[in-house]
Q: 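Would you mind keeping the following structure in view while I ask a few things?
Being a predicted model, the structure only gives us computed values, none of them experimental. Just so you know, ligand 1 is whichever comes first in the structure, and atom 1 is the first atom listed for that ligand.
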Amino acid sequence: MSIKPVKTAVFPVGGQGTRFLPATKAVPKEMLPVVDKPLLQYAVDEALAAGIERLVFVTARGKGALEEYFDLAWELTESLQRRGKTAELATLAATQLEPGRIAYVRQQEPAGLGHAVWCARHIVGREAFAVLLPDELLWNPAAPALKEMHDVYARVGGNVISVLEVPAEHTHRYGIVSPGAADGLVTQVKGLVEKPAPGTAPSRLAAIGRYILQPEVMDVLAAGKRGAGGEIQLTDAMAEMIGQQPFHALTFTGTRFDCGDKAGHIMANVALALERPDIGPAVRDWLRQQAV
Ligand code: G1P
């Protein structure tokens, strides 16, 4: 049986962004820029590079700016056209997807990542789907993370998640894999545990916010079981599927920035700025002059 390509991606974007207050008082954290694009745009670009056609944003109150951003801003477009600002116009292309490709659903209570994903169930339907956590900026322009995962998925089917080895003292922050046999960068997943207490993690392989999942995970999530932090955890629902379906982890080989963290967000800005031909040289010169 051939494996059908994954066409739908879910983006949980309902979080309050309390770590970035006061900046996030009136601006969703996903709209904070990394250089000159909002954080969310990087995850959207990654999804599109993997062949995703339908995008589902699980939003919440106060996230209206996301809908504005992914709409056709006709006054702006006309004004730029009139003034011959073609370069600026080109930057808008990736923000204006065909009507109907993006759907919005509200998460009405902050009940956890699993709950956010479950809120998208009617739009996702009974097909395999991807989940991308935009806080995690996975930077690998030559081989975008979800595209690499999708290539593995096309071979092994089932469920595929992206992982990275983290320091032992950080395992309590993540969903951690209990690993089985490994074949290069692909590791069989024997178990998953959300935010294990220090010293109890089954490995240092942490889930870093990219998932290709089978629709049955929605059935597990429907039970609404609470896990770590009293929240409905995606990790727990995935753990229940292990043994019933193939489950693999692909180690990410690019550069990961945890943009849910202030330091990670600044690092992403600096690293991506340095890669830019227009501003990279100035930033590099300035960094060299800093006695740190
Ligand atoms: C979530 C997931 C966790 C994953 C992490 C990656 O946790 O629950 O399994 O490892 O994202 O960033 P959160 O960071 O929302 O607490």
Q: Between Arg173 and Asp261, is there a salt bridge with N-O shorter than 4.0 Å?
A: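 Salt bridge between Asp261 and Arg173, a charged N being under 4.0 Å from a carboxylate O: no.
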Q: Name the orientation class of the two ring planes belonging to Phe57 and Phe70 (parallel below 30°, tilted from 30 to 60°, perpendicular beyond 60°).
A: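 Aromatic pair Phe57/Phe70 classed tilted.
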Q: Would you call Arg83 and Glu88 a salt bridge, taking side-chain N to carboxylate O under 4.0 Å as the test?
A: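 Answer for the salt bridge query: no.
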Q: Could you tell me whether Glu46 and Lys147 have a side-chain N and a carboxylate O separated by less than 4.0 Å?
A: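 Lys147 and Glu46: not salt-bridged.
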Q: Checking side-chain contact (heavy atoms from CB on, under 4.5 Å) against Phe11, which of Leu133, Val56, Leu132, Thr59 comes through?
A: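 Among Leu133, Val56, Leu132, Thr59, the one meeting side-chain contact (heavy atoms from CB on, under 4.5 Å) with Phe11 is Leu132.
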Q: Around ligand 1, what residues show up once you keep those with a heavy atom under 4.0 Å from it?
A: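 Lining ligand 1: Leu113, Leu133, Glu136, Tyr174, Gly175, Glu194, Lys195, Ala207, Tyr211, Gln233, Thr235.
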Q: Mark yes or no: Lys195 above the aromatic ring of Tyr174, with NZ or CZ under 6.0 Å from the six-membered ring centre and no more than 45 degrees from the axis.
A: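 So Lys195 doesn't make the cation-pi contact.
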